[in-house]
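All chains are named by letter (A, B, ...) in the order of the sequence lines, taking the proteins before the strands, and each is independently numbered beginning at 1.
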Amino acid sequence: MSSAYPTRALRQLRQPLRAWRWPRREHLLEQVFRRGPPPFDPFPSIQDVIDAVLCPVTVVHRMYHGLHGALSGPREIAEGVGRHFHRFVSILKSNIALGGKRLDPFTLLRRYCSMERLDADSESHLRRYLSYWLRRKRESLKELRGQGPRIFHEVHVSTINATFGEERGVRYPIHGVIDEIDTISKRIVERTLRGDEDDPNPPFLEDFQVWLQWKVLTSISKDLFPDMLRNEDFQDYDLIVETPYRDFTIEKDQPLFEKWAEDALAWISDIARSSVAVGDAWQNRGHHTRPCSIGNEIEECGFAWVACYHRRRRYPERRSALHASLLPIYKALYNEQIWVHDLLLYQLTKMEQDADPNLRSELRRLLTGRKIYPLEIEEKIGDRYCVKIIDEKVRMSLVEEVQDENLSFDVIFGSFSVGLRRRAYLLLDERETKPEDGRYLAYIEGMEGTEGISAFLLKGLLLKEDPWFLKRLVQQAVFSLEKWGIDREDRAKNHVVVRLIDTLFGPDTLRAKRR
Amino acid sequence: MRRVCPKCGSSSLQKHGEVRSEQGILQKLKCMSCKHEWHSQLPEDLFDKVLEMLRTFVWDIEARKPLSEAGWVSLNEDYVKKLRSINFCEIDREGMRGRIDYKNHKSLPGELLSTDEGRIFCEILRSLEIVQEIEALKNNDYEYLKAVVAGLSEMLKNARFSFWEVEEGSIPEKLRSFMLRPRWNVTAERISRSLALNLLKSIWGIDGALKGYGEANDRPIDLDLLRSVTREIEESSQWRKIISFFKSNKDLLEALGLSWYVSRKIIDREIEYLGAKLLAFEAAIKVVAERSGETINSLRERLASLSENLDNLIFEEKWGVNWNDVFRLPY
């Protein structure tokens, strides 16, 4: 079944794009000076597209204020519980599938919580959700025993060939992570803690999310799939939104979703291209079926009270001037993120998917040793792995990297287009580690099912190379400063920051005291 | 909705009993910060109704309804009676509806004005004043051009002059040494003044405008060097290309100028709410489009592609200024 969205849209769809603005060859090969607003569109993630479907103003907040992930989970639970729940379920399933010790799931959860040092509240939330989940899943868990590694979690996907709508042949880039691909039951699963026990429909936009993941996955050429997924026919897979209380099967033929995706990508491109589109986004704020305005916000939107209708403090009084001065900073930080992070996503994806074999090999040459380090797993020593950098020429480059104490890396098993993303931590002080030979002892999480698959290290954590995410944090911090203030007049009169802002941006005067 | 203490502005309040009045039962409140006690000027149900009116006004204006139709809320007999006793509401007895009398908004009680809804309502009204001022420029060539010039000078004052070069050493030596000086921002302001004058002269033939521009920041500067650097930019082929581009796209320059003019007014009138700001910016674009006889959409589309067009103009140069950080919209 699918969620029941009203068919009558309340806001007009954005004019679909005639073409996506792709980076030119010289940009991809880093032959031009990086300057000003990038002449290409960002490389959106699945989450960015969902945010843009939720409301086009989220794209503005993403761009200026570094905010992302507007669709929020249940408000009463601590942040990160959803992530831990998904992680725990993947550990539990892997443990059963690989024929591990028959442990009670709650005992395993206790161990997990103590290993992750979760507080009592988070643990009690996890227990509650797990008990709901187990009521439905005990039987299927029994059937899973001894099946081997055939359920894959955290599958990274990236495409430059996603298409939506039948008539237009516009190609879009999208990347993201699929929660679970279950090759036993032939299911793609999006797991969430949102929703209630009695909900007849999947939580708002979760159905769109799993559908979009499937669209991305099916747009990628089979050659780029790792061996264990290459022979799967994903057209036959079921799309499942899994809440602790119920599994919802989502239809694949979704003309409405096709339109939403096109609309969202048009917003992303238009707002990145020019601030002229900011006005349009504000005029069209809200979802297609649920407009948003002050006093009538979309409940699930985490940005409504944080960014759009945030609490307005009386002081400082010159906040408008402060905003005008901060605007170029927001934009500059955004431009840098696109030049650094999004361009790398284009490079890595085009390195595997571009139609031009010369460009593919030139990109591979450019990136190997700078951003990626192909490796092989040599042996397992206890709970750790001995990994070897294959290419002798790039070994020294990794040595330099680890000398800077950057020891955490992402490892992709398979290809960048479709691969299992795992975190690796290099253990430099171990006897087995010999950087000059390209050998490292590493702790790598969730290695089940990765045997024999080609792999490479990606510089930085969670694709956070050349720390672009810090720029996003700076944007968030600057936005917090912009929103910050106090209401009490007596405090404002003596508050240094309030006085400083009002002095710098207004007619106020501030005199330093002589000591 | 958030109430604050009228004495100290704190939002840490506690309900502290009730008071009976002719209007009904009024809420008594106590500020937990300064211990000030007072009672609300409106009964709770009326307070909520007035807030609803404020919200409806904001929604309607943002939905581009005309002022005469904005903010009406349907009422029952009871509310009609109660609202008669307050002087900041307009009541349409026939239609059984009411709204805030926006012309008389200054009589709104402080407890309403200090809510988020009240502040946004006031900002929308201030923005509508700007809209009226901008619309008045439409048929007044002199005032219109004056506003555009003021806006352009504001834009150039706020410009970020950053440079690029294809190969190291392509940027003229004098310019490079100037850029690397610690007081580059002061110099950049002087250069921007000169560029603004050059632009105005080249496009509209205006001479001697921008009196006072940059003079406030006048500090000792190597004037000869400054002149030669400015000449370096002004005589560069890219500046000539920019001038010639704007000569044939004068309306784009006018749209930028008027938007920056509006931006200054928004700052001066302390408007923070994005919806209110956009009302004024939209009015600026509309006036320019109407004066140049084109549709608003086509002007907006051309503004949207301005950055790419400026980039394309100088794509083949050996060095250049990031002109899209100079000729840009203020939002």
Side-chain angles (χ1 to χ4, degrees), chain A residues 15 21 31-39 57 60 64 270-271 273-283 285 291 293-296 305 307-325 327-329 331-332 335 482-483 486-492 505-506, chain B residues 1-2 4-5 7-12 33-34 51-52 54-56 58-59 62-64 114 116-117 119-120 158 160 162-166 263-264 266-275 277-278 281-282 285 300-301 303-308 311-312 320 322-325 328-331:
Chain A
Q15 176 77 31
R21 293 187 308 153
Q31 291 164 343
V32 287
F33 198 90
R34 296 175 175 193
R35 60 187 167 84
V57 180
V60 180
Y64 289 97
D270 289 350
I271 294 171
R273 185 169 160 239
S274 165
S275 57
V276 172
V278 172
D280 297 342
W282 185 258
Q283 278 292 91
R285 63 197 182 280
S293 54
I294 184 164
N296 189 21
W305 288 106
C308 290
Y309 311 111
H310 59 84
R311 202 166 158 176
R312 304 156 77 78
R313 303 285 185 180
R314 282 169 74 186
Y315 303 97
E317 291 178 315
R318 303 292 293 170
R319 201 177 278 110
S320 186
L322 173 69
H323 170 76
S325 300
L327 202 58
I329 298 174
K331 286 187 180 175
N335 291 343
E482 195 188 315
K483 290 186 299 177
I486 43 183
D487 286 322
R488 285 184 59 170
E489 195 179 350
D490 53 343
R491 282 194 190 162
F505 300 100
Chain B
M1 189 266 288
R2 182 180 55 108
V4 294
C5 168
K7 196 174 167 196
C8 74
S10 168
S11 53
S12 166
S33 299
C34 69
L51 274 181
E52 189 190 333
L54 289 173
R55 273 189 221 120
T56 311
V58 174
W59 294 344
E62 290 203 75
R64 305 297 182 259
S114 59
D116 287 338
E117 286 87 343
R119 289 189 195 182
I120 291 175
N158 283 284
R160 314 245 139 181
S162 56
F163 294 80
W164 55 269
E165 55 189 351
V166 175
S263 169
R264 187 71 257 168
I266 285 172
I267 293 171
D268 291 345
R269 293 180 202 192
E270 286 163 18
I271 298 172
E272 287 176 42
Y273 182 62
L274 182 59
K277 290 182 193 176
L278 289 168
F281 285 126
E282 206 175 87
I285 303 290
R300 282 159 47 86
E301 183 44 47
L303 275 172
S305 45
L306 176 65
S307 169
E308 289 156 357
D311 243 3
N312 290 340
N322 282 323
W323 292 112
N324 34 34
D325 278 343
R328 62 181 177 93
L329 284 166
Y331 60 98

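- You'll find the side chain of B:Y273 reaches within 4.5 Å of the side chain of A:R312, heavy atoms only.
- Closest of all the heavy-atom pairs between A:A324 and A:P328 is O-CD, 3.4 Å.
- Only the backbone of B:E165 comes within contact range of chain A, with at least one heavy atom under 4.5 Å from a heavy atom of that chain.
- The greatest number of non-hydrogen atom pairs below 4.5 Å with chain A, out of B:V166, B:D325, B:I120, is found for B:I120.
- Contact annotation for A:Y64: only side-chain heavy atoms (C-beta onward) come within less than 4.5 Å of a heavy atom of chain B.
- Only one option out of B:N324, B:N312, B:N322 pairs with B:S307 in a side chain to side chain donor-acceptor pair (under 3.5 Å); it is B:N324.
- No other option in B:C34, B:S162, B:S305 has as many heavy-atom pairs under 4.5 Å with chain A as B:S305.
- You'll find the side chain of A:R311 stays beyond 4.5 Å of the side chain of A:K483, heavy atoms only.
- Proximity of A:W282 to A:C308: side-chain heavy atoms (C-beta onward) are separated by under 4.5 Å at one or more points.
- Using a 4.5 Å cut-off between heavy atoms, B:E308 touches chain A through its side chain atoms alone.
- Residue B:W59 touches chain A through its side chain alone, counting heavy-atom pairs closer than 4.5 Å.
- When each of A:K331, A:R285, A:Q283, A:E489 is scored by its heavy-atom pairs under 4.5 Å with chain B, the top score falls to A:Q283.
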* Asked: Run the salt bridge (Lys or Arg N to Asp or Glu O under 4.0 Å) check on A:D487 and A:R313 step by step: do they pass?
  -> CA-CA 5 Å; A:D487 286 322; A:R313 303 285 185 180; 3.0 Å; yes
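- Interface check for chain A: of the options B:E301, B:R269, B:E282, the most heavy-atom pairs under 4.5 Å are formed by B:E301.
- Two residues are said to be in side-chain contact when any heavy atoms from C-beta on lie closer than 4.5 Å; A:I294 and B:E62 fail this criterion.
- Here A:L327 is the residue among A:L322, A:V57, A:V32, A:L327 with the most heavy-atom pairs under 4.5 Å with chain B.
- If you measure heavy-atom distances from A:R21 to chain B, the contacts under 4.5 Å come from the side chain alone.
- B:Y331 has its side chain within reach of B:L278: a pair of non-hydrogen atoms, C-beta onward, lies under 4.5 Å apart.
- Counting heavy-atom pairs closer than 4.5 Å to chain A, the top-ranked of the candidates B:I285, B:L306, B:I271 is B:I271.
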